[in-house]
Peer 1: 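Here it is, the structure, as structure tokens.
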Number of protein chains: 2
Amino acid sequence: MRRSKKPFDLARMFAALADPTRLRLLNLMDGREICVCYFVEILKQSQPKISRHLAYLRNAGIVSARREGKWMHYRIERPEDTGGAAVLDAALRSFKGNRQMQADLAVLRKACCEPRGLVMLQGAPAPVPMATGVA
Amino acid sequence: MRRSKKPFDLARMFAALADPTRLRLLNLMDGREICVCYFVEILKQSQPKISRHLAYLRNAGIVSARREGKWMHYRIERPEDTGGAAVLDAALRSFKGNRQMQADLAVLRKACCEPRGLVMLQGAPAPVPMATGVA
DNA sequence: CCATTATATACGCCTTGACAGATATATCTT
DNA sequence: AAGATATATCTGTCAAGGCGTATATAATGG
């Protein structure tokens, strides 16, 4: 049976972006693959809450997950749809000028340099930079 | 009392964009000021529904309204926030590749050329092109 | 002033999704 | 197999917001 590719749902993507916690998660994932424990530690939010928002982003097709032992790594999955990808890129770029987002990235950098400082992150796999995909 | 400018709420803007009807409205407003009756006629949706969605966009600061006699004209209001404006622009551009959006614009063009054909639009003020603001 | 037209808002119903807190699942370690 | 750890899902509660229908408001024309 013909399974024609479902058309990209822009409104759905916007719904996925319509939450401050999810935006912060995407900001942290921008340009790297990163483990759930980092999100929990950096955003200082409950683990179930982080996990639910990640699930939402997964269902919306914006991020993908990869398991590595006990750890789950999340990364941004740029939509194939050109318009969708452009919107997502614009969103990610807009984070650059946002205080909160800058602060989150600062904490991430610090956590990566000295994970022993963050009890939660001892032994956790460090985030891995990725090609951005943005030409 | 200090009324410092409230910071632009990106998540809120995304929430405003997270509805197909509102996206269709924005598409029709892209580059022109246009009267409510056109929305009702082109989207073939109930007048209260259209009006509610326009109110939502107004509250989100994405559009502004201007009264002219019985008619209300709506236009897109680009956010002052650079990132917000960039996201909105990307969204508007993404409509270009969308069937539905293209079809809506085709109906609009037709309605403008021969408003007598649309009973609802007899005597209604025609949409007026605007500078896009996108440099 | 009354009717008509254009638009906005109110009401009631229903779904989605946010949250906290409890619990389930997967993996590793011993 | 029995913890321990990392993450996911379930449960119940609540607020936001979608819809249709009814009604309110604003402007215009007799």
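Each chain gets a letter, A, B and so on, in the order its sequence line appears, and its residues count up from 1.
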Peer 1: Just jot down the ring pair (Phe, Tyr, Trp, His ring centres under 6.0 Å) partners of B/F14, sequence neighbours excluded, or say none.
Peer 2: A/F14

Peer 1: Can you tell me how far the CG atom of A/L23 sits from the CZ atom of A/F95, to the nearest 0.5 Å?
Peer 2: 4.5 Å

Peer 1: To the nearest 0.5 Å, what is the distance between NE2 on A/H73 and OH on A/Y38?
Peer 2: 10.0 Å

Peer 1: Less than 4.5 Å apart, side chain to side chain, heavy atoms only: is that true for B/N98 and B/N27?
Peer 2: no

Peer 1: State which of D/dG20, D/dT7, C/dC19 makes the closest approach to the side chain of A/K49.
Peer 2: C/dC19

Peer 1: Once you round it to whole Å, what is the distance between P of C/dC19 and NZ of A/K44?
Peer 2: 18 Å

Peer 1: Classify the nucleic acid contact of A/F39 as base, sugar-phosphate or nothing, counting any heavy atom under 4.0 Å across all strands shown.
Peer 2: nothing

Peer 1: If you only use heavy atoms from C-beta on, which nucleotide in D/dT9, C/dA26, D/dT21 is closest to the side chain of A/P48?
Peer 2: D/dT9

Peer 1: Using whole Å, what does the distance between atom P of nucleotide C/dG21 and atom CZ of A/R52 come to?
Peer 2: 11 Å

Peer 1: Indicate whether OP1 or OP2 belonging to D/dA8 is found under 4.0 Å from a side-chain N or O atom of A/Y56.
Peer 2: no

Peer 1: Should B/R66 and B/E68 count as an ion pair when the cut-off is N to O under 4.0 Å?
Peer 2: yes

Peer 1: Pull out every residue in residues 19-35 of chain A that has a heavy atom closer than 4.0 Å to any atom of DNA chain D, ordered by number, or say none.
Peer 2: A/C35

Peer 1: Rounded off to whole Å, could you give me the CD-to-P distance for the B/Q45 and D/dT21 pair?
Peer 2: 13 Å

Peer 1: Need to verify one output field. Residue with the more 5' nearest nucleotide on DNA chain C, A/A18 or B/I50?
Peer 2: B/I50

Peer 1: Taking atom types as they are modelled, would you say the side chain of A/Q47 forms a donor-acceptor pair with the base of D/dA6 within the 3.5 Å cutoff?
Peer 2: no

Peer 1: Expressed as a whole number of angstroms, how long is the span from A/W71:CH2 to C/dC28:P?
Peer 2: 9 Å

Peer 1: So how far is it from A/Q45 CD to A/S51 OG, rounded to the nearest 0.5 Å?
Peer 2: 13.5 Å

Peer 1: Can you see which heavy atom on A/L88 is nearest to which on A/R78, and at what distance?
Peer 2: CD2-CA, 4.5 Å

Peer 1: Just the rounded figure in Å: distance from P of D/dA16 to CG of B/N59.
Peer 2: 13 Å

Peer 1: What's the CD-P distance between B/E68 and C/dA6, to the nearest Å?
Peer 2: 14 Å

Peer 1: Would you kindly compare A/H73 and B/S46 by the position of their nearest DNA chain D nucleotide and give the one closer to the 5′ end?
Peer 2: A/H73

Peer 1: Does D/dT5 have OP1 or OP2 sitting under 4.0 Å from an N or O in the side chain of A/K70?
Peer 2: no

Peer 1: Would you mind reading off the distance between A/M72 atom CE and C/dT27 atom P, rounded to a whole angstrom?
Peer 2: 10 Å

Peer 1: Please confirm whether the shortest side-chain N or O distance from A/Y38 to OP1 or OP2 of D/dA6 is below 4.0 Å.
Peer 2: no

Peer 1: Please list all pairs meeting salt bridge (charged side-chain N to carboxylate O under 4.0 Å, His left out) that have one or both residues in residues 14-32 of chain A, counting only residues at least two apart or in different chains.
Peer 2: A/R24-A/D104, A/D30-A/K96

Peer 1: Counting just side-chain N and O atoms, does B/H53 come under 4.0 Å of either OP1 or OP2 of D/dG17?
Peer 2: no

Peer 1: In whole Å, what is the span from the CG atom of B/L57 to the P atom of D/dG17?
Peer 2: 12 Å

